[in-house]
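One structure is given below, encoded as structure tokens.
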Amino acid sequence: MVSILPNNIQIEDDRTGINIETLKRAFLDNLFYIQAKFPKISTKNDYYMALAYTVRDRLLNRWLNTTETYLEKAPRTVAYLSAEFLLGPHLGNNLINLGLYNVVKQAMEDLGLSLTDLLEQEEEPGLGNGGLGRLAACYIDSLATLEIPAIGYGIRYEYGIFDQEIKDGWQVEITDKWLRYGNPWEVARPEAELEVKFGGHTEDFIDEHGRYRVKWIPFKVVKGVPYDTPILGFQTNTANTLRLWKAEATESFDFEAFNKGDYFGAVHEKSESENITKVLYPNDESYEGKQLRLEQQFFFVSCSLQDMIRMMQVQNLTLERFHEHYAIQLNDTHPTIAVAELMRLLLDEHGFDWDKAWNITTKTFAYTNHTLLPEALERWSLNMFGSLFPRHLKIIYEINSRFLDEVRIKFPDDFDRLRRMSIIDESGERYVRMANLACVGSFAINGVAELHSELLKKTTLHDFYEMYPEKFTNVTNGVTPRRFMVLSNPRLANLITSKIGDSWVKNLDDLRKLENFLYDTNFRKEFHKVKQEVKQDLANYIQTSYNITIDPNSLFDIQAKRIHEYKRQHLNALHIITLYNRIKANPNLDVTPRTFLFGGKAAPGYYMAKLIIKLINSIADVVNTDPDMRDRLKVVFLTDYNVKFAQRVYPAADLSEQISTAGKEASGTGNMKFSMNGALTIGTLDGANIEIREAVGEENFFLFGLTAQEVSQKKAAGYNPWDYYNSNPELKLAIDRISSGFFSHGDPNLFKPLVDSLLYRDDYLLLADYQSYIECQDRVSQAYRDREKWVWMSILNVARMGKFSSDRSISDYLKNIWKVPSVKVDVPEYSQSND
Ligand code: PLP
């Protein structure tokens with residue numbers, strides 16, 4: 001391979017050298033030449049930026065060599081299309097993956113700086129809501145680690161997920177200005193911009209070969225500018241690209257309008273166009289039929305597909321082989337308009353006939369479903385869809401008509417089935433159903449945990465399963481142990497490595513070897529000591545940030561995830577109130593001291609979720625100031641839960657709350673991260689909890705609650721929450737405490753909507769699961785008193801988490817769906833040497 005760097009560049013070059021002295025020099029050099037600062041006047045952010053550039057320089061060699069290898073070899077490539085990538089901070093992760101963490105730490109110390117402080121300085125790119133976006137981030141890490149040619153495509157939101165503040169117990173949203181101080185990890189590629197069309201109309205015509213063709217005359221055209229971020233694998237030369245698109249106006253300044261004195265008119269188009277990638281919609285597990293959201297989806301999908309086609313043209317590959325060159329994964333339905341856009345590109349812009357284009361399209365896409373919640377299934381008003389994408393609507397009509405013909409052949413005279421399966425919902429106002437389009441246009445459809453994949457086949461996508469059983473498969477989610485163990489819990493990682501070596505970081509199944517040390521008293525002591533130290537770290541942080549003292553010897557009981565009724569943070573709250581009531585009734589009660597920690601954002605328009613946050617904070621106010629609770633119960637709501645915070649929280653948990661109503665959580669990934677860090681789970685048989693329990697052993701998992709089947713049976717039989725309220729005195733007392741105004745300064749109205757929702761509907765069956773949950777929590781309290789036994793169970797949780805590495809998930813996708821072989825990237829010697 002031809003080296004990209006000139007031959008005369010030395011290993012100690014400021015941009016590639018990795019010994020301490022070179023790193024220090026490079027850092028000061030970047031501080032001077034990029035930040036234009038010298039130490040005396042530098043802010044912490046200047047130091048962070050200088051270090052980030054120093055580390056980025058060391059990535060570039062791998063990144064450019066990877067790009068060059070892909071360009072030359074033109075290997076089959078995974079394109080992961082996701083409207084969200086919840087990346088978390090880059091610096092620490094890149095240091096881990098480059099193997100430079102310790103040497104950089106030392107270099108910073110030599111300069112009188114703390115690496116921990118600088119890591120803290122990074123503003124994370126919060127380009128996602130929660131699990132779905134974080135999954136995409138774990139997957140691109142694993143793709144690079146497994147040396148798979150891959151590219152992540154998404155949106156470069158100017159404002160990511162909002163920052164959360166709590167005022168008087170209520171959530172307040174603040175815009176996330178993550179780009180305010182610049183983003184050292186991305187490289188803008190304005191030279192690779194593309195154009196995306198919107199609106200207008202279509203015109204039919206007959207081409208020179210006498211074939212029927214369609215031309216799309218758009219109303220407006222927006223430019224997509226790619227911003228590339230290198231995604232380096234762990235201990236490998238592969239650095240793949242995450243390509244995020246920013247919208248810009250085609251003409252940033254309308255001179256005609258300006259010359260007429262219309263200054264605002266002149267910049268209007270610019271701001272209109274740029275709006276497309278301005279802000280992430282902050283809704284998790286629900287969708288809103290907003291036009292801008294549909295524009296965002298089409299914008300990034302169109303840019304990405306055009307980019308792939310352009311790449312093939314550069315490589316002199318024929319588009320007839322598009323599906324052989326790319327496996328495109330649709331992360332939920334958000335990018336599903338890609339099915340129609342690829343058809344349009346092939347038909348209208350590259351002259352393919354329908355059958356050929358459809359054959360390519362349906363061999364290209366695979367679709368991951370992430371939800372069973374009906375309110376989260378995307379559908380777009382047909383009028384809006386048609387006015388934005390007149391050509392695509394025509395294509396979708398044609399896809400639908402051919403598809404329904406197939407359905408008629410397979411299921412004759414089944415009109416109701418046709419109605420249900422149609423891509424166009426015609427039951428009232430007409431809609432385009434994106435999940436239906438995804439199922440028709442993809443060769444594979446997967447759920448994200450075994451239960452979820454089964455439920456998809458039985459319920460949400462049942463008709464499609466009957467139509468195309470061969471398309472359906474399961475890929476249980478996974479998470480990267482690099483970020484969520486090595487980086488976030490170095491104490492535990494070092495202890496593990498000291499016992500079993502470091503192979504586990506790449507082969508997480510090797511954690512099994514820890515079981516050989518179960519009978520080693522010293523190891524168990526060390527393991528316990530690590531957990532206590534990590535808890536102390538979190539306690540210190542909470543002391544500093546919230547001025548609340550928590551006791552690291554108490555049981556840290558943590559629920560950290562988006563706030564949603566189906567996730568049932570309010571069931572957790574009912575448990576706290578129950579303990580409170582018990583202690584009030586008997587102040588000498590011997591209870592296991594617990595610290596309840598919550599973290600999570602509510603969608604800004606989701607009133608009930610916001611009320612749950614207010615309830616938790618109101619309970620915290622009462623509990624934390626009641627002398628009877630001292631040294632026994634503490635409740636803290638941690639604000640602004642994001643990836644950075646998550647990395648602090650998972651390692652410190654004793655107990656992980658995974659208490660969604662069975663059948664509602666597709667998989668969960670927080671559950672895996674807690675367990676990997678030695679937390680025991682209290683959970684329902686929902687999502688990946690089931691597989692976690694199978695893996696760690698049922699004796700090492702606290703199970704409670706109805707099964708998914710029991711939930712649906714109970715609902716079908718006519719569930720009445722009052723039966724539970726009236727027959728369970730502890731439950732009644734807990735709910736009465738809320739409704740009486742006890743937690744709201746005597747105001748009985750504040751939490752009335754929440755109480756009424758429980759008593760009159762209880763869609764998520766909190767009351768039905770309450771007793772089982774409380775009894776299970778009592779078993780948890782008992783178990784925590786036997787610390788030896790607890791540590792034993794905790795070790796087994798860590799040791800048996802191999803399956804939940806995102807490396808395993810990606811291997812499943814590769815084997816069962818993508819069939820993309822790995823490609824080795826060679827990097828010239830000079831960047832590998834340590835000194
Ligand atoms: N939010 C953040 C910031 C996360 O890091 C994660 C991680 O998985 C989630 C939400 C998802 O949590 P859960 O799977 O528990 O819903």
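When a ligand or atom number is given, it counts from 1 through the structure's own listing order. None of these values were measured; they are calculated from a predicted model.
- Residues satisfying the ring pair (Phe, Tyr, Trp, His ring centres under 6.0 Å) test with Tyr287, not counting sequence neighbours, are Trp380.
- A side-chain donor from one of Asn671 and Asn689 sits under 3.5 Å from a side-chain acceptor of the other.
- Using cut-offs of 30° and 60° on the angle between ring planes, the pair His575 and Tyr773 is perpendicular.
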Between ligand 1 and the protein, find all N/O pairs closer than 3.5 Å and give the distance for each.
unit_1	atom_1	unit_2	atom_2	d
ligand 1	8 (O)	Thr669	OG1	2.8
ligand 1	8 (O)	Lys673	NZ	2.8
ligand 1	14 (O)	Thr669	N	2.8
ligand 1	14 (O)	Gly670	N	2.9
ligand 1	15 (O)	Lys561	NZ	2.8
ligand 1	16 (O)	Lys567	NZ	2.7

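- Interatomic distance, CH2 of Trp818 versus OG of Ser811, reported as 10.0 Å (0.5 Å rounding).
- Gln709 CD: 12 or fewer foreign heavy atoms inside a 6.0 Å radius.
- For the atom pair CZ of Phe637 and OG1 of Thr639, the computed distance is 7.5 Å after rounding to the nearest 0.5 Å.
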